[in-house]
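When a residue number appears, it is its place in the shown sequence, counting from 1. Remember, predicted model here, so these are calculated numbers, not experimental data.
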Amino acid sequence: MRLITFSVSSICAVLLLTQSLIAGSETWSKVEAEDGSLPEARHESAFVAIGDLLVLAGGRGIKPVESFDPKYAQWIRGAKPPFEIHHFQGVDIDGTMWVVGAFTGGYPDEVPVQKVMIYDPEGARWAEGPSIPENR
């Protein structure tokens, strides 16, 4: 059996293309930050909508959370996680981003994160959540 993997950005591109083909007459427009701000380059990261913000988190190395605020058309830099987290998709739960099942560490020695990590974009802070069962 051959395992095929896709990056989050390639999946998003396919979904966007599919949506535009289905929508037919709708068009996409590029939105740039009015103040020229840009997020830090990263890979193996997550992108999730939380309220009115588009939140970018994780990636190789210890990268700060960065949120795009479409109302003000700018990127806002948040807190760095307490350690490197990558290979996860964040989930919005009550206005916070929950990270379940991320990896930490550098290639080829990545290890699963043992606890849920929770990021509060409003307070720009990380908290440790419950332990993840060992036999997940």
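Contact check for Gln89 versus Met97: no side-chain heavy atoms found under the 4.5 Å cut-off. Annotation: side chain of Gln114 is not in contact with side chain of Glu128 (no heavy-atom distance under 4.5 Å).
Residue Glu66 holds its CD atom at 11.0 Å from CZ of Phe47, rounded to the nearest 0.5 Å. The OG1 atom of Thr96 lies 12.0 Å from the CE atom of Met117; values are rounded to the nearest 0.5 Å. Rounded to the nearest 0.5 Å, atoms CH2 (Trp126) and CD1 (Ile118) are 10.0 Å apart. Rounding to the nearest 0.5 Å gives a distance of 12.5 Å between NZ of Lys80 and OH of Tyr119. The distance from the OH atom of Tyr72 to the CG atom of Asp52 is 10.0 Å, given to the nearest 0.5 Å. Note that CG of Leu56 is 5.5 Å distant from CH2 of Trp75, once rounded to the nearest 0.5 Å.
For the residue pair Val48 and Gly90, the shortest heavy atom distance occurs at CG2-O, 3.6 Å. Nearest heavy atoms, Ala124 versus Ala79: O-CB, 3.2 Å. Nearest approach of Gly61 to Glu84, heavy atoms of both residues: N-OE2, 2.7 Å. Considering every non-hydrogen atom in both Glu40 and Pro64, the closest pair reads OE1-CD, 3.5 Å. Closest approach of Val65 and Ala57 over heavy atoms only: CG2-CB, 4.1 Å. Counting all heavy atoms, side chain and backbone alike, Ser37 lies closest to Asp35 at OG-OD1, 2.6 Å.
Hydrophobic clustering, with ILVMFWY side chains joined whenever heavy atoms are under 4.5 angstrom apart, keeps Ile93 apart from Val113. Residue Val91 is grouped with residue Val100 when hydrophobic side chains (ILVMFWY) are merged at heavy-atom distances under 4.5 angstrom, including chains of intermediate members.
Panel note: side chain Arg42, backbone Gly58; a donor-acceptor pair is recorded below 3.5 Å. In this structure, the side chain of Glu134 does not engage the main chain of Ile132 through any donor-acceptor pair within 3.5 Å.
Other residues, nucleotides and ligands place more than 12 heavy atoms under 6.0 Å from the CD atom of Gln74. A 6.0 Å sphere centred on CG of Asp94 holds no more than 12 heavy atoms belonging to other residues, nucleotides or ligands.
Note on ring orientation: taking the six-membered ring where Trp is involved, the planes of Phe103 and His86 are parallel (angle under 30°, cut-offs 30° and 60°).
A side-chain contact (heavy atoms from CB on, under 4.5 Å) with Ser67 is found for one member of Ile50, Leu54, Val55 and no other, namely Val55.
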